[in-house]
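Only one structure is covered here, and it is reproduced in the block below.
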Amino acid sequence: MEIALDASMPTYSGGLGVLAGDTLRAAADLALPVVAITLVHRKGYFRQHLDANGRQTESPSDWSPAGRLEAVEARAWVNVEGRPVELRGWRFQVRGVTGHEVPVYLLDTSLPSNDEYDQTLTDSLYGGDARYRLCQEVVLGIGGIAMLRALGHADFHTYHMNEGHSSLLTLALLQEHASLHDRGSVIEADVDDVRRKCVFTTHTPVDAGHDHFDADLVEKVLGKERTGILARLTQARSGIFDLTHLAMFFCRSANGVSIRHAHVSRRMFPERPISAITNGVHAVTWTAAPFARLYDRHVPHWRRDNRYLRQASAIPREDIRAAHAEAKANLLEDVQRRTGHTLKPDVMTIGFARRATGYKRIDFIFSNKDRLRRIIDRCGPIQLVYAGKAHARDSVGKAGIEHIFAVSAALKGVLPVFYLEDYDMSLASLIVAGVDLWLNNPVKPLEASGTSGMKAALNGVPSLSILDGWWIEGWIEGVTGWAIGDGAEEPGDSTKELDSLYDKLEHIILPMFYQQPRAYLGVMRSAISHNGSFFNAQRMVSQYLRTVYEPGMALPEAEVLQ
Ligand SMILES: *Cc1c(COP(=O)(O)O)cnc(C)c1O
């Protein structure tokens, strides 16, 4: 449903879209024969505005597809609510390190032949009501297959449903297979064929991430016949259509995005084996220029094969210090430009930037302001840089942002806090590279993977994080960063987690940062060599290739990582 292709195109909302883009960038690096489908999102997600009290308002993020994308001639049609809707496509070529290109087709219904409502279907990402969302999912899944055929792509070896949003493509494949065999109705043999071809990745244990619709709405949008096929084959829970379950039902393989997340997902979907492929980020995209130059000098082949970043352990600490100072100066300059305030280059700067939503606990570090003051008095100053959008209808997320503004006013003169507006890929690049410590304190076990800490690691920025998602795998205490709380799967006791966060800052991190800068540089360097070399999208896509995409290479169930 979303792909972050370029910072100048607002076709994504957050981590899911960035991951989709990074996956395609790595597929291009590895010269894989891949084609991707998404929607054009003419009004983007939204532009975030914050007033002096941190109250968020939103405006459309209009952009011009014609200015950035190549129009394709092909047209396709899809039936929505009984009406034929015409689709056009725009092409974006993702270019890999060796020049291989992966085409992405962005579907667009804004054509004069469509009625007014249908023309808006590819406007807003995660906007509108349930009807709008379901119609978009028909365009994405069923329209996506129609567009691939119109472009001249015959069947594919594998269809990767990235999230349940695209899972109506299984319906298109079922009907295509049935009509290929001159059958008016869909039978078990068609189901087997679709299952052989489809793979599925689930990305979150949070309920809001899994679309479900009332059966009445589904019947209105899909029509009686198509709804009947799905209901009969999948024996859907009566009254509800769940797109994650649809994808699970029709795939030959399903995976979660970290080892812990796969484990949690198996409890949510006990009907299927779920393996784990831990996310990664596209190293060349997320490495800031000063570090890219450093790697070019010390790790010559890192762009072609990110695994060589392991050799970062031999880079002199002084070079790491200089590259980081430059990345930090770039961030501070941007903060100055945006806010008019000057941050200090030699003060411990903590970064926290991600979607503002309840479980991420944006204001957790401020839970005990007195303790925070004591820590600063004892150990030295801290400054904090925040960014992140709350979904327009997420009142808890929005209240979290307002709370940061209130705390910032209350701690004036003690702890400078800056909340930067309109978080996107380019702001993310600046913050993950420019801070000294990456803070992450979600409620367990809701962080499926998390990827911003991986981006930080590529720039030598260690994490202080709850043990959830990718951090369980990337964490080596005092070597790649520090843990908050323990590694149990259940939600932690938040008082204990808070104590742990403060204890680590007070007794380990701040003393090291201010009194043993050489040791801190050592942690920065091993964040790169241990985690940059592994939590990258080239490694992730290689694992998809070997365990999910390639014929006959699916892991037997017993081998699925536990
Ligand atoms: C990387 C990224 C995210 C994901 O951050 P998490 O730590 O995984 O929540 C969200 N938004 C943007 C703009 C990003 O670049």
Side-chain angles (χ1 to χ4, degrees), residues 1-2 13-20 23 126 133 160-167 199-213 237 240-249 251 253-280 354-362 364 388 390-391 393-394 396-397 400 440-454 465-475 483-494 497 535 540 544 548 560-562:
M1 185 60 94
E2 52 168 313
S13 81
L16 184 65
V18 170
L19 182 78
T23 302
Y126 306 140
R133 175 76 65 87
H160 185 169
M161 295 178 277
N162 190 40
E163 249 316 326
H165 303 304
S166 57
S167 64
V199 302
F200 173 55
T201 303
T202 178
H203 288 267
T204 179
V206 177
D207 190 59
H210 301 272
D211 283 328
H212 20 72
F213 300 99
R237 275 183 297 155
I240 298 282
F241 266 94
D242 180 319
L243 290 193
T244 307
H245 276 102
L246 185 67
M248 285 279 180
F249 182 83
C251 65
S253 113
N255 73 280
V257 291
S258 69
I259 293 174
R260 173 62 55 82
H261 174 235
H263 196 247
V264 171
S265 299
R266 273 177 228 137
R267 277 210 316 270
M268 291 175 71
F269 307 102
E271 68 273 21
R272 290 227 36 141
I274 297 176
S275 63
I277 295 180
T278 303
N279 283 340
R354 49 182 58 84
R355 254 175 338 116
T357 190
Y359 81 88
K360 303 258 194 187
R361 294 194 293 196
I362 185 172
F364 194 57
H391 186 278
R393 286 193 296 270
D394 183 349
V396 175
N440 186 31
N441 43 236
V443 175
K444 287 191 295 187
L446 299 181
E447 181 94 317
S449 164
T451 50
S452 53
M454 303 174 184
S465 173
I466 293 277
L467 281 169
D468 200 10
W470 84 280
W471 187 235
I472 297 170
E473 299 161 53
W475 163 66
I484 302 170
D486 62 31
E489 187 168 314
E490 307 78 57
D493 171 338
S494 63
E497 287 177 341
F535 295 96
M540 170 183 70
Y544 273 103
V548 170
V560 167
L561 289 175
Q562 297 295 323

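Keep in mind the model is a prediction, meaning the values are calculated, not measured.
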Indicate yes or no: at least one non-hydrogen side-chain atom of [X] is less than 4.5 angstrom from one of [Y].
X	Y	result
Arg272	Arg266	no
Ile240	Phe213	no
Ile277	Val548	yes
His263	Ile274	no

Do the side chain of [X] and the main chain of [Y] share a donor and acceptor less than 3.5 angstrom apart?
X	Y	answer
Glu473	Ile259	yes
Glu447	Asp468	no
Lys444	Asp486	yes
Asp211	Leu243	no

To the nearest 0.5 Å, what is the distance between [atom1] on [X] and [atom2] on [Y]?
X	Y	atom1	atom2	value
Leu246	Phe241	CG	CZ	8.0 Å
Leu16	Glu163	CG	CD	5.5 Å
Phe200	Ser166	CZ	OG	7.5 Å
Ser465	Trp475	OG	CH2	11.0 Å
Asn440	Ile484	CG	CD1	7.5 Å
Met161	Ser167	CE	OG	6.5 Å

Compute whether any side-chain donor of one residue and acceptor of the other, for [X] and [Y], lie under 3.5 angstrom apart.
X	Y	result
Asn441	Glu497	no
His203	Asn279	no
Asn255	Thr201	yes

Original post:
Salt bridge or not for Arg260 and Glu489, using N-O below 4.0 Å?
Top reply: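 Answer for the salt bridge query: yes.
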**OP:** Would you confirm whether the ring centroid of Tyr544 sits within less than 6.0 angstrom of the ring centroid of His160?
**Re:**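 They qualify: ring centres under 6.0 Å apart.
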**OP:** May I ask you to check whether Tyr126 and His391 place their ring centres under 6.0 Å from each other?
**Re:**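 No - the distance between ring centres of His391 and Tyr126 does not fall below the 6.0 Å cut-off.
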What is the minimum heavy-atom distance between [X] and [Y], and which atoms define it?
X	Y	answer
Ser494	Phe364	O-CZ, 3.6 Å
Thr204	Gly209	CG2-CA, 3.8 Å
Thr244	His210	OG1-ND1, 2.7 Å
Pro205	Ala448	CD-CB, 3.9 Å
Ser265	Thr202	OG-CG2, 3.9 Å
Ile466	Trp471	O-CD1, 3.4 Å

